[in-house]
2 protein chains.
Amino acid sequence: MATHQTTIIDIARALGISKSTVSRALTGHPNVNGKTRQRILDMAAQVDYQRNQLAISLLTNRTGTVGIIVPEFISYFFPKVIIGAQEELARSGYNVVICHSNESYETEVSNAKALLASRVDGLIVSHTKETRNFDHFKIFQRKGIPVVFFNRVCEDMNVSNVTVDDYNGAFLAVEHLIQTGRRRIAHLAGPDTLTNSRNRLNGYRDALTRYGIPVDPELIISYDLNLDKANIYVNHLLNLPNPPDALFAINDPTALEALSVAKRRGIRVPDDLALIGFSDDPISAVIEPGLTTISQPVTELGQQAAQVLVRQLLTKEDEFQPERVVLPTNLIIRGSTVK
Amino acid sequence: MATHQTTIIDIARALGISKSTVSRALTGHPNVNGKTRQRILDMAAQVDYQRNQLAISLLTNRTGTVGIIVPEFISYFFPKVIIGAQEELARSGYNVVICHSNESYETEVSNAKALLASRVDGLIVSHTKETRNFDHFKIFQRKGIPVVFFNRVCEDMNVSNVTVDDYNGAFLAVEHLIQTGRRRIAHLAGPDTLTNSRNRLNGYRDALTRYGIPVDPELIISYDLNLDKANIYVNHLLNLPNPPDALFAINDPTALEALSVAKRRGIRVPDDLALIGFSDDPISAVIEPGLTTISQPVTELGQQAAQVLVRQLLTKEDEFQPERVVLPTNLIIRGSTVK
DNA sequence: CTGTTAGCGCCTTCAT
DNA sequence: ATGAAGGCGCTAACAG
C-alpha cells in the first residue's frame, strides 16, 4: 500500500522554481522572497506536504530520537517513568521510541540492535532480570551514543545512572518493623542480577545488625519475581518451625501475594504477621488492610534520567563524566504493620 | 556527541573491494564469493557494523514501523493493548513507535505529524476525549497510509476499527442490576465525544426500556472522566430527593471513586447502593467489596487491531475494504452488587 | 534572492 | 562474482 509522498521537488516543479528555494522557504531561511515564500507555503499546505524526517536524519546524522527500553510496562511503575522522561525529552526537542523487553534477554538485545539501526541519539534503559552480559549496550558507548541506566543499573559500565535509594528504603522498612516490636523478620528478595534487589537486601541486613538482631539465612529467600511462585515461598516461610513475625518483600506485588496467602491461612495481619512492600503500588492504598510500603518518586526518576541524558547529548565526548543520581525513598505506614 | 558510524564504504575500503559487494554480502545476496563473504562478515562484526535503517527506508520508501497513539498509559488498559499489538506486529516484522497524547488534542495532532514525518507504514489510534476534528488522521488516509482505530473510534472516516461490544456490555450490566432488584439505576457516563461512552449510554437506556423502567434524565450524568470530579457527581446523585439504588459507572476508576464516597457517607454497598463498573481494573478484584464490572479482552483488542492493520498493509489501495471488528464483553459479578 | 551541485548510506540495475 | 553509477529526499555550501 505504499504510495508516493509529496516532496519538495514536486512543489518546486509545480511552481517552476528550484527545490533549494522550496527547502529554504519551508525551513524558514531568511533569504527567500516574501511572495515566493507564500506561494510555496500555500502549495505545501494544499498538498499536505510533510518533510521526510528520514532524509533529514540521514543528512544531519541526528534523528532527534531517544530510545527507552524497559523490562515491562504493565505495572504502573515503568509507564510513569516513561511519562516523566518523555515530558522532559520533549522539552528539549527529542522524540521517544519505547521498547519493552518483556524481561527477556534476547528481546532486549534485539531491541538494542533495532534502536542502533534506527540511529537513536541516546538510550535510557532498565535492563531485564536475565541480563548478565551488557555487550549490546557497550556498543552504544563505543559509538559515542549516550546511555543512561535507571532503576536497574549496570555497575561495571562507565555510564550515568539514576536510581532511588533502595538501600535506605529497605533500612527504613526493617527499622520500622523492629520499632513496632518484630524480631523474626523475613525477606523475600529479588534475583541478585538486579542492583536494586542487592541494595535492598543490604539495607535489610544492616538494619537488623544495627539493632542487634542476628541475620538468619533461613529467613532470606531470593526469587525470580515470577509472581506465581511467590505464594510457595511465603508458605514455606510460614511453615518454618520458628516462623517469622514479619515479612519485608522486594516489591508490593510480592507483599500483596503474601497478604493473600496470610488471609487464606487465617493468619492475622498485622497481629501475627506484619507485611511491608516496596514501590507503593496503587493497589496497596486500597486493599484491606492497607499495605505499608516504601514509596519512590517515580515520575521524577524518568525526568532525571532524561535530564542526565540531555546534558550528555550536549557534551563533547572527551569531556564526558558519568553522573550518578540517587533519589530519596519514603516510608508509608499503613495497616499491614500497625493497627 | 554525534560520531561517525561505520558504513559499508568503510568496510569496502578496509578490504579493498567495492561497496556493492559488501552490500550484497551483508544482505545475503547469493552472488558473492564464499571467502569474500566471510571476510566481509568478519570485518563487519569486528567494527560493530549496524546497517543504517534510515538510508534503507529512504531508498525503499518503507520504514517497517507502525505508530500507535493512545490517550494515556497509566491505567493497565492501554499498556496491555499495546503489548498485544506489538507482539502481533513483531510477528509480521514491524517495529512500533508509541506516542501518548495525554488526552490533549494538540499533542495528538503533533504526534500524528511526527509519525507522518518519520514515515510510519501504518497507524493504530485511540483518540483523545477532546478530539472532534479528525483532519490530522485523514491526511494519512489521503496518503494511502492505513489507519486503524480501536476502543475510541471515528465514525465518519472510512477506516477499519476494532472495539469491544460496549453496547451489550452496558446492557448486561444494567440487566444484572434490574435482575437483582434495583429500579432507580443511575448512570455516570463519559463525554459524548467518545463512541464507547455513547454506546454504553445506549445500552443502559435500552436495558431499562426493555424491562419497562422509565429512563429518568435526572439519573444520567455525563462527565469528562476527570476523576477528581467524579465524587462531586456521585454526591449529587446521592443527595437527590429520590436517590438511586444503583449506579452504573462508565469505567472502573469512576465506580471505585463512587465506592469510596459511599463508604465515607456510611452507605452500605451493595445493600443501599449497588455499584457496577466497566473494564475490570485489577483493583476491582482486590477491593472490599469486590467491584462487579464488565470485562473486555484487552490483549486481544491490540492483537486484532494489529492484524487488521497488517492485512491492510498487504492490500492494494483500490481493493481496500474497511473492517469492523467487535469483541465480546462479559459480566463479572462481585460483592458490589450481590451479597 | 535564486539555482546548481554534492553528498548523507544504502540497494539495485547494468555492465564487465 | 564484482564494480560503477544512479537515486531515495533533503540541506548546505557555492555561484551567480
I need the [atom1]-[atom2] distance between [X] and [N], as an integer number of Å.
{"X": "A:Ile9", "N": "D:dC10", "atom1": "CD1", "atom2": "P", "result": "7 Å"}
{"X": "A:Ile40", "N": "C:dC1", "atom1": "CD1", "atom2": "C1'", "result": "11 Å"}
{"X": "B:His29", "N": "C:dC11", "atom1": "NE2", "atom2": "P", "result": "12 Å"}
{"X": "A:Arg62", "N": "C:dG9", "atom1": "CZ", "atom2": "P", "result": "16 Å"}
{"X": "A:Arg119", "N": "C:dC8", "atom1": "CZ", "atom2": "P", "result": "14 Å"}
{"X": "A:Ile11", "N": "D:dG9", "atom1": "CD1", "atom2": "P", "result": "12 Å"}
{"X": "B:Gln53", "N": "D:dC8", "atom1": "CD", "atom2": "P", "result": "19 Å"}
{"X": "A:Asp10", "N": "D:dG7", "atom1": "CG", "atom2": "C1'", "result": "15 Å"}

What contact category does [X] fall into here, base, sugar-phosphate, or nothing, at under 4.0 angstrom with non-hydrogen atoms?
{"X": "B:Ser23", "value": "base"}
{"X": "A:Asn52", "value": "sugar-phosphate"}
{"X": "B:Leu54", "value": "nothing"}
{"X": "A:Leu59", "value": "base"}
{"X": "A:Thr7", "value": "sugar-phosphate"}
{"X": "B:Thr27", "value": "sugar-phosphate"}

Next item on the list: State which of C:dC10, D:dT2, D:dT11 makes the closest approach to the side chain of B:Asn33.
Entry: D:dT2

Notebook entry, point to check: Looking at C:dC1, D:dG3, D:dC8, which one has an atom nearest to any side-chain atom of B:Leu58?
Noted result: D:dC8

Would you say a side-chain N or O of [X] is under 4.0 Å from OP1 or OP2 of [N]?
{"X": "A:Tyr49", "N": "D:dC10", "value": "yes"}
{"X": "B:Ser18", "N": "D:dA4", "value": "no"}
{"X": "B:Arg51", "N": "C:dC11", "value": "yes"}

Item checked: A:Glu103/A:Arg152 ion pair, N-O < 4.0 Å -> yes

Note to self: Nearest heavy atom decides the nucleotide; on that basis, is B:Asn31 or A:Lys19 closer to the 5' end of DNA chain D?
What the structure shows: B:Asn31

Let's test your reading of the model: under 3.5 Å, does the base of [N] pair with the side chain of [X] as donor and acceptor?
{"X": "A:Ser20", "N": "D:dA12", "answer": "yes"}
{"X": "B:Arg24", "N": "D:dG3", "answer": "yes"}
{"X": "B:Thr36", "N": "D:dA1", "answer": "no"}

Checklist line | Atom pair CD (A:Gln50) and CG (A:Leu26), whose distance is rounded to the nearest 0.5 Å | finding: 10.0 Å

Item checked: Straight-line distance of B:His100 NE2 to B:Phe73 CZ, nearest 0.5 Å -> 4.5 Å

Notebook entry, point to check: In this structure, which one of A:Ile139, A:Asp135, A:Leu116 forms a side chain to side chain contact (heavy atoms under 4.5 Å, CB included) with B:Asp48?
Noted result: A:Ile139

Notebook entry, point to check: How about A:Gln321: does its CD atom have over 12 heavy atoms from other parts shown lying under 6.0 Å from it?
Noted result: no

Note to self: Other residues, nucleotides and ligands only: do more than 12 of their heavy atoms fall within 6.0 Å of NZ on B:Lys129?
What the structure shows: yes

